[in-house]
Asks: 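Sharing a structure here in structure tokens format.
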Protein chains: 2
Amino acid sequence: MSNQQILLIDDERGISDPLSYALRKEGFEVTCSYDGQDGLRRAQSLLPDLIILDLMLPLIEGLEVCRQLRGDPRTREIPVLMLTARTEEIDEVVGFNMGADDYVTKPFKMKPLVQRVKALLRRPHLKEQSVDVVSRQGITLDRLHHRAVAEESELPLTPTEFKLLWTLLRQPGRTFNRNELMDASRGEDANAFERTIDVHVRSLRQKLGARAVLVETVRGVGYRFRDEPHESVVTETNAI
Amino acid sequence: MSNQQILLIDDERGISDPLSYALRKEGFEVTCSYDGQDGLRRAQSLLPDLIILDLMLPLIEGLEVCRQLRGDPRTREIPVLMLTARTEEIDEVVGFNMGADDYVTKPFKMKPLVQRVKALLRRPHLKEQSVDVVSRQGITLDRLHHRAVAEESELPLTPTEFKLLWTLLRQPGRTFNRNELMDASRGEDANAFERTIDVHVRSLRQKLGARAVLVETVRGVGYRFRDEPHESVVTETNAI
DNA sequence: CATACCGGTTAAGATTTGATGAAGAGGCAA
DNA sequence: TTGCCTCTTCATCAAATCTTAACCGGTATG
């Protein structure tokens, strides 16, 4: 029972039978389900370590199953491996951002698929859970209440500035180019002058005051939020 | 160089020019190649994150390029997006099972294609093996954070120096000629003065300090990153 | 030894890049 | 409507970076 449990949701016996066989031979415990509704119920009762999900399912579509899995806190973190018939479907799935963790196109070879399964199970589960509060270097952002606080005082950020800082703060040290920041701060409106970001960064820095140095410029690339503490800020912090 | 690199292999300027422009505007680094042979060579020296490949090419056919890319362990895992003239061709291509990851029929709209590119690059299993950190001989490059570290201290590299070192470091021991290094560091126009590379190498060596010897000159050919920590005596003996 | 070739070095000039100030353009509520 | 507020665009400047070209010394070759 120390074996890892896999829930396989697929209505085609021609696929699920050999697949479940191959997985069992690898030492996994496999439970099969042949439609979406049943699969969803089993997922919630079994809480397996991994779910393999066909995109085309009777009763409930694969995407809907995935959505509901993600909506339930008990199953939210279970990795999902999606089976799709065509490459283009992957785009859709990715587009819907349904949170599948990997995709395999049918027809597939058994060995690579098992490899993928193992890789997913091996993966450290630092999946970015939906976080509403981020706090770094004395700056705290709460996106539910749309509040930004630096030490004591509240920062009056505009929506764009807020999203910008949110993006930077969530992955401190990572450098974002202007396009990524554009996307992050303005949704998917892709066609805008890149340098607009510079202006937002500027006003952001102004409002950050002494902490402005935390938003670093990476020349030729973009911007990033400083990872390690900065001397002048520490001094400032102490002084307050 | 937090940016992802795309190699575009297409001989029709009417296609490759606007496409490379669109991709660059999206923040990708794009290198263009106008025939199969050259494209193959560039793929092997650049090791881009994605390759866009026209099916009809001079010198070597697209399918043959694809086959050879799949045959080389260095390029085997790089996703390939194939451009084809007619829908029926897709079937043929799929039939040959040449391992292209996606197909787009010409003529295509710019936006959807860019979407496809992004989707391909976002695919989880590709993400897992795409390399963002390279570390050799005590030097570590992280293109996501855009950081270069030697032992303890951070190296303040300019964008060009970073890309140069990134290229050398990814395939230690392999000698790159100046054109290849030009490509890698300047992405765009390959028709610049070759000796420019020498100057970049020099400033790179200066910043590397004691580790400067790791960037070796191969007289008459180009440069390479040293593979072995010490003298090549052992290597010689083993080689014979 | 002479010579052509090659890479190292240097500095000046050209180009690119980001910061900044300011001027519209909409949006929205009073 | 007017009066903010926010976002975008543009022009300009200074600094960082890249390229070019000239000069130098080492090396292979005859």
Side-chain angles (χ1 to χ4, degrees), chain A residues 146 148 154-168 175-209 212-226, chain B residues 1-3 24-25 27 29 146 148 154-168 175-209 212-224 226:
Chain A
H146 199 271
E154 178 151 356
L155 295 173
L157 299 185
T158 70
T160 304
E161 288 156 9
F162 189 92
K163 287 180 218 152
L164 194 58
L165 187 53
W166 175 266
T167 304
L168 294 171
T175 303
F176 296 86
N177 64 39
R178 290 183 171 73
N179 272 297
E180 292 170 317
L181 294 175
M182 206 84 208
D183 287 354
S185 65
R186 267 205 3 178
E188 81 271 347
D189 255 334
N191 47 350
F193 191 41
E194 264 197 353
R195 288 321 181 82
T196 302
I197 287 298
D198 296 34
V199 183
H200 290 305
V201 167
R202 181 170 91 92
S203 53
L204 189 55
R205 280 174 172 160
Q206 276 187 329
K207 290 178 182 175
L208 285 175
V213 287
L214 292 175
V215 178
E216 296 180 313
T217 302
V218 181
R219 183 170 245 271
V221 186
Y223 298 92
R224 73 179 166 211
F225 192 85
R226 191 183 197 101
Chain B
M1 151 120 192
S2 87
N3 296 346
R24 287 202 184 97
K25 221 180 65 178
E29 272 186 29
H146 207 266
E154 179 154 355
L155 296 173
L157 300 185
T158 69
T160 303
E161 288 154 11
F162 191 95
K163 290 178 216 155
L164 197 57
L165 188 53
W166 174 265
T167 304
L168 294 170
T175 303
F176 295 85
N177 64 40
R178 289 181 173 73
N179 271 311
E180 292 172 320
L181 294 175
M182 208 80 208
D183 265 16
S185 64
R186 195 77 189 101
E188 204 167 329
D189 53 307
N191 52 346
F193 190 40
E194 270 197 350
R195 296 291 306 278
T196 301
I197 288 298
D198 296 35
V199 182
H200 289 305
V201 166
R202 175 181 141 71
S203 54
L204 189 55
R205 282 173 171 160
Q206 275 191 323
K207 290 178 182 176
L208 285 175
V213 289
L214 292 176
V215 178
E216 297 178 316
T217 302
V218 181
R219 192 183 169 80
V221 187
Y223 297 93
R224 75 176 167 215
R226 179 188 276 178

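Since the model is a prediction, treat every value here as computed from it, not as a measurement. Reminder, nothing fancy here: chain letters follow the sequence lines and each chain counts from 1.
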Asks: Do B:Arg202 side-chain and C:dT9 base share a donor-acceptor contact under 3.5 Å?
Replies: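 Answer is no: no donor-acceptor pair is held.
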Asks: Whole-Å distance between C:dA19 P and A:Arg178 CZ?
Replies: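 Nearest whole value for this atom pair: 7 Å.
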Asks: Report yes if a donor N or O on one partner sits less than 3.5 Å from an acceptor N or O on the other, where the partners are the side chain of B:Arg195 and the base of C:dG8; otherwise report no.
Replies: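 Yes.
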Asks: If only atom types and distance count, is the side chain of A:Lys207 paired as donor or acceptor with the main-chain N or O of A:Pro156 below 3.5 Å?
Replies: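 Yes.
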Asks: Could you tell me whether B:Val199 contacts a base, only the sugar-phosphate backbone, or nothing, with contacts defined as non-hydrogen atoms closer than 4.0 Å?
Replies: base
Asks: Counting side-chain heavy atoms from CB outward, which of D:dA21, C:dG18, C:dT9 is closest to B:Asp198?
Replies: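 Of the candidates, C:dT9 comes closest.
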Asks: Is a side-chain donor or acceptor of B:Arg226 paired with a backbone partner of B:Glu216 at a separation under 3.5 angstrom?
Replies: no
Asks: Can you tell me which nucleotide in C:dC5, D:dT6, D:dT17 comes closest to the side chain of B:Arg219?
Replies: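 From the listed options, C:dC5 comes nearest.
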Asks: With nearest nucleotide decided by heavy atoms, which residue, B:Lys207 or B:Ile197, maps closer to the 5′ end of DNA chain D?
Replies: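 Nearest-nucleotide comparison on DNA chain D picks B:Lys207.
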Asks: Answer with base, sugar-phosphate or nothing: what part of the nucleic acid does A:Tyr223 contact at a heavy-atom distance below 4.0 Å?
Replies: sugar-phosphate
Asks: Can you name the residues that form a ring-ring contact (aromatic ring centres under 6.0 Å, His included) with A:Phe162, not counting sequence neighbours?
Replies: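 A:His146.
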Asks: Strictly below 4.0 Å: does A:Thr160 bring a side-chain N or O up to OP1 or OP2 of D:dC7?
Replies: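 Yes, such a contact exists.
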Asks: Taking the side chain of B:Thr196 as its heavy atoms from C-beta onward, which of C:dG18, D:dT20, C:dC5 lies nearest to it?
Replies: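 Between C:dG18, D:dT20, C:dC5, the one nearest the side chain of B:Thr196 would be D:dT20.
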Asks: Can you see if the side chain of B:Thr158 gets near the phosphate of D:dA16 - specifically, an N or O under 4.0 Å from OP1 or OP2?
Replies: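 Looking at the OP1 and OP2 atoms of D:dA16, neither is under 4.0 Å from any side-chain N or O of B:Thr158.
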Asks: Does A:His200 place a side-chain N or O at less than 4.0 Å from the phosphate oxygens OP1/OP2 of D:dT6?
Replies: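 Checking A:His200 against D:dT6: no side-chain N or O falls below 4.0 Å of OP1 or OP2.
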Asks: Ignoring hydrogens and geometry, is there a side-chain-to-backbone donor-acceptor pair from A:Asn179 to A:Glu194 under 3.5 Å?
Replies: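 Here the side-chain-to-backbone pair does not exist.
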Asks: In whole Å, I'd like the distance from the CG atom of B:Leu204 to the C1' atom of C:dG8.
Replies: 15 Å
